[in-house]
*Asks:* 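After the structure tokens below, expect a handful of questions from me.
All residue numbers refer to positions in the sequence shown, counting from 1. Since this is a predicted model, take the numbers as computed values, not measurements.
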Amino acid sequence: MQTTRCVGLAFLPAKGSHHHKAAGASAAAPPVLIGGSVKLVLLSRQLVCFSWSRHRVRTWASAAAASSATTPRQELLEEEEGNQIISRNVSNFEPSVWGDFFLTYSSPLASSTQQLTRMIERANHLTRNVSKIISASSNCSLYERMQLINVLERLCLDHLFKEELNVILSEIYKTNDISGSDLQTTALWFYLLRKHGYQVSPAIQPSKLVTSQKLRYNVITLLHASDVFAKFKDEQGNFAANNPLDVLSLYNAAYLRTNGEIILDEAVSFTKRSLESLLTNLQGPLAHEVKCALEIPLPRRVRIYEAKYYIAVHGQANEVIMELAKLNSNIIQLQYQQELRIITRWWKNLELESRLSFARDRVVECYFWIVGVYYEPSYSRGRIILTKVLAIVSILDDTYDVYGTLQECELFTSCVESWDPMVANGLPENMKFIFGKIMDTYQSIEDELSPEEKYRMPYLKNFIIDLVRAYNKEVKWREEGYVSATVEEHLQVSARSGACHLLSCASFVGMTDIATKEAFDWVSNVPKLVKTLCIILRLSDDLKSYEREKMTCHVASTIESCMKEHKVPIHVAREIIQDMIEETWKDFNKEWFNTNNHVPKELLERIFNLTRTMEFMYKQDDAYTNSHVIKDTISKLFVEHVLMI
């Protein structure tokens, strides 16, 4: 039976600002998001209703101005607690760029019910037409079929055609004789299959592959990297590639390498030098693409952050596909705006400005971060829940880094470990307030879950407890002036204080029944895929925050441990840390391939996307703390709609 894709629109009477659950609704059915008087049900395989419902960034101080960064400084604030005068640090984080903007913003796209209805109906029609284009691609060349997948993915349309695209990928693998293909075709073939989790295993020949019915997902082997790319090397061992598109394609494919794949290491080195040399003579979209790739290779980029750019410049795509991409972008943006209204209202109720002025006010940036983890309309509940978790993590981070004394942090940690509000009486008022907000947020997340899903909450609680223990250990290190003897020793604590293990678990909480108890047991054991994510985050964060943190009283970073371990100056330590990040990415890629056969890919993609967002947030700066850096990107995604012709 053919699955019907539907874009729906309905209007409901306003019921105030509270969440009302329909009586007698099925426990498995997703709740409804009501923003004002509009209920949007957006692009999906079927009618999708969406529910209503901050990441560990280890920094100390940032700019005081909203539009530019200034040199941070450490100040002390005397605060009376009982009969004592406590000296506390003042953070000087720049204020929120967005404030209450999304509480009142109304998009021109939602100016009338008729306009919205026309958008939905047109998008449904175009979706059916694009489905026909995909079906007809069976008569196209291998390169054309792969390029169709690539275009749909970069325009963030692939979620509408997941089944069809998976069929094409399977067919592309089965017809894996690419011996006569050029470099660009070969690189795209390698990139797409590896990106989708197909495993390299030179010991198994494709003709001997047996797919067991007991496995939930196909385990498909690829040709060994050396078999694929060796033919493109000349007698001197250099890659015979001069065309910028060939070089760029090989560059992006090679970054899906694992440890031991020497030819891919050589490809990365060759293509990086070549692209840097070619860039000075390139113009237009190709120059932009090369520049972006040199900053972050394509396999590590967050597609939804770039989708509108590709809508604007992708002139080669079919007109029907491009019109659907524009409509899809506008419709999803309306959903994001409603979710931002909900999350901003929740954030205001935390009374951050009046009670927690030492902490970063970054809820819009939190939501932006999480949209990179799952952008698809059907994951609304997941986005709301994970944004709340990330925002609470950010408050906890600043509480331990900036606000609490050693004794207070010890007591606060004990309170969280007990998970009992009655134990919080000995805390300073602000920390007692924070503890209460953690309890309230935890309960609000649990309220979003059906009775059959509530078993997920203890997993989340255990990760929060583990996180504050790691924070508390770092406070002790800071007060003692302790520098770990090795980077590995440092990571035993700081990889956990990055909170990525918590975020990995939390990314499952709001998902459907594909997130089973077995999946939560798996992620709660912090498998290697999650460990490598935690390491990538910690090392990337420390590279960008080191100079700022050295100006304050802050726990020693992995850079200082690296200097101590190897007895090297800071610039050498930075190079070592950067090399460690690349090696960890190789480990991550290997685990991505190895885990695909026993954990649903839909869950694994959340972890891969989390890793991609970390790369984005910390590549050039600590973009979360210095939020003006990403203001324009956020505006493009959430405010600026695509003009339709």
Side-chain angles (χ1 to χ4, degrees), residues 129-158 161-198 200 206 220-233 239-257 263-264 267 270-271 274-275 278 282 284-286 288-290 292-293 297-299 301 303 306 310-311 313-322 324-325:
N129 287 344
V130 173
S131 183
K132 295 176 182 178
I133 293 172
I134 296 172
S135 298
S137 71
S138 58
N139 299 318
C140 298
S141 68
L142 172 63
Y143 180 80
E144 289 171 330
R145 301 188 81 192
M146 293 190 301
Q147 190 61 21
L148 176 60
I149 296 173
N150 193 40
V151 167
L152 291 172
E153 288 183 345
R154 300 199 71 172
L155 295 173
C156 290
L157 292 174
D158 53 300
F161 312 101
K162 188 168 292 187
E163 294 175 9
E164 293 100 316
L165 298 185
N166 283 337
V167 168
I168 296 179
L169 284 166
S170 179
E171 292 174 351
I172 288 172
Y173 165 72
K174 291 174 183 177
T175 57
N176 57 27
D177 182 10
I178 56 169
S179 57
S181 299
D182 60 17
L183 178 54
Q184 194 174 150
T185 300
T186 302
L188 182 57
W189 177 85
F190 190 82
Y191 164 79
L192 282 177
L193 290 175
R194 282 212 164 182
K195 177 186 175 185
H196 286 274
Y198 296 107
V200 169
I220 301 178
T221 56
L222 291 179
L223 297 175
H224 192 262
S226 60
D227 297 326
V228 173
F229 293 110
K231 65 179 181 179
F232 297 108
K233 301 187 75 173
F239 287 93
N242 297 311
N243 183 296
L245 288 175
D246 289 348
V247 178
L248 181 61
S249 297
L250 178 58
Y251 174 89
N252 286 323
Y255 268 98
L256 284 164
R257 58 186 170 166
I263 196 167
L264 295 184
F270 166 79
T271 55
S274 298
L275 291 175
L278 290 167
L282 297 178
L286 181 56
H288 179 272
E289 183 63 27
V290 169
C292 289
L298 186 58
R301 304 237 284 279
R303 290 187 289 133
E306 301 180 334
Y310 289 104
I311 290 173
V313 304
H314 215 302
Q316 296 178 350
N318 181 284
E319 290 182 5
V320 176
I321 293 175
M322 293 309 302
L324 177 59

*Asks:* Identify, with sequence neighbours excluded, every residue that meets salt bridge (Lys or Arg N to Asp or Glu O under 4.0 Å) alongside Asp158.
*Replies:* Arg303

*Asks:* If you look at every heavy atom in Leu157 and Ile321, which pair is closest and at what distance?
*Replies:*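 Shortest heavy-atom separation between Leu157 and Ile321 comes out as CD1-O, 3.8 Å.
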
*Asks:* Minimum heavy-atom separation for Leu148 and Ile133, please, with both atom names.
*Replies:* CD2-O, 4.5 Å

*Asks:* Out of Ser135, Ser131, Ser137, which one pairs with Glu164 under the side-chain hydrogen bond (donor to acceptor under 3.5 Å, both in side chains) rule?
*Replies:* Ser131

*Asks:* Would you say that Lys233 contacts Ile263 through its side chain, given a criterion of any heavy-atom pair below 4.5 Å between the two side chains?
*Replies:* yes

*Asks:* Less than 6.0 angstrom from the centroid, inside 45 degrees of the normal: does Arg194 satisfy that with respect to the ring of Tyr198?
*Replies:*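 That pair does not qualify as a cation-pi contact.
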
*Asks:* Begin with the C-alpha distance, continue with both residues' side-chain angles, and end with the deciding distance and a verdict on side chain to side chain contact (heavy atoms under 4.5 Å, CB included) for Arg154 and Leu298.
*Replies:* CA-CA 10 Å; Arg154 300 199 71 172; Leu298 186 58; 3.4 Å; yes

*Asks:* Please enumerate all residues that pass side-chain hydrogen bond (donor to acceptor under 3.5 Å, both in side chains) together with Asn166, with sequence neighbours excluded.
*Replies:*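 Applying side-chain hydrogen bond (donor to acceptor under 3.5 Å, both in side chains) to Asn166 gives none.
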
*Asks:* With Phe270, which residues qualify under ring pair (Phe, Tyr, Trp, His ring centres under 6.0 Å), at least two apart?
*Replies:* Phe239

*Asks:* Give me the atom names and distance for the closest heavy-atom approach of Ala187 to Ala253.
*Replies:* O-CB, 3.5 Å

*Asks:* Determine the minimum heavy-atom distance between Ala293 and Tyr251, stating which atoms define it.
*Replies:* O-OH, 2.8 Å

*Asks:* In Å, rounded to the nearest 0.5 Å, how long is the span from CG of Asp182 to OG of Ser249?
*Replies:*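 Reported value, rounded in 0.5 Å steps: 9.0 Å.
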
*Asks:* Would you call Phe232 and Leu250 a side-chain contact if the rule is heavy atoms closer than 4.5 Å?
*Replies:*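 No - every pair of side-chain heavy atoms lies 4.5 Å or more apart.
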
*Asks:* Would you find a donor on one side and an acceptor on the other, under 3.5 Å apart, between the side chain of Tyr191 and the backbone of Asn252?
*Replies:* no

*Asks:* Does the side chain of Phe190 come within less than 4.5 Å of Leu264's, by heavy atoms?
*Replies:* yes

*Asks:* Checking side-chain contact (heavy atoms from CB on, under 4.5 Å) against Val247, which of Asn242, Leu275, Leu183 comes through?
*Replies:* Leu275

*Asks:* If every non-hydrogen atom of Gln184 is compared with every non-hydrogen atom of Tyr143, which pair is closest and at what distance?
*Replies:* OE1-OH, 2.9 Å

*Asks:* Are Leu286 and Leu248 close enough that some pair of their side-chain heavy atoms sits under 4.5 Å apart?
*Replies:* yes

*Asks:* Please determine whether side chain to side chain contact (heavy atoms under 4.5 Å, CB included) holds for the pair Phe229 and Thr186, giving the CA-CA distance in whole Å, both sets of side-chain angles, and the decisive distance to 0.1 Å.
*Replies:* CA-CA 8 Å; Phe229 293 110; Thr186 302; 4.1 Å; yes

*Asks:* Do Glu289 and Leu282 come close enough that some side-chain heavy atom pair is under 4.5 Å?
*Replies:* no

*Asks:* May I have the step-by-step check of side chain to side chain contact (heavy atoms under 4.5 Å, CB included) for Ile149 and Leu192, ending in yes or no?
*Replies:* CA-CA 9 Å; Ile149 296 173; Leu192 282 177; 4.3 Å; yes

*Asks:* For Ala325 and Ile311, work out which heavy atoms get closest and say how close.
*Replies:*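 Closest pair (atom of Ala325, atom of Ile311, distance): O-CD1, 3.6 Å.
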
*Asks:* Does Arg301 form a salt bridge (charged side-chain N to carboxylate O under 4.0 Å, His left out) with Glu153? I'd like the steps, not just the answer.
*Replies:* CA-CA 12 Å; Arg301 304 237 284 279; Glu153 288 183 345; over 6 Å; no

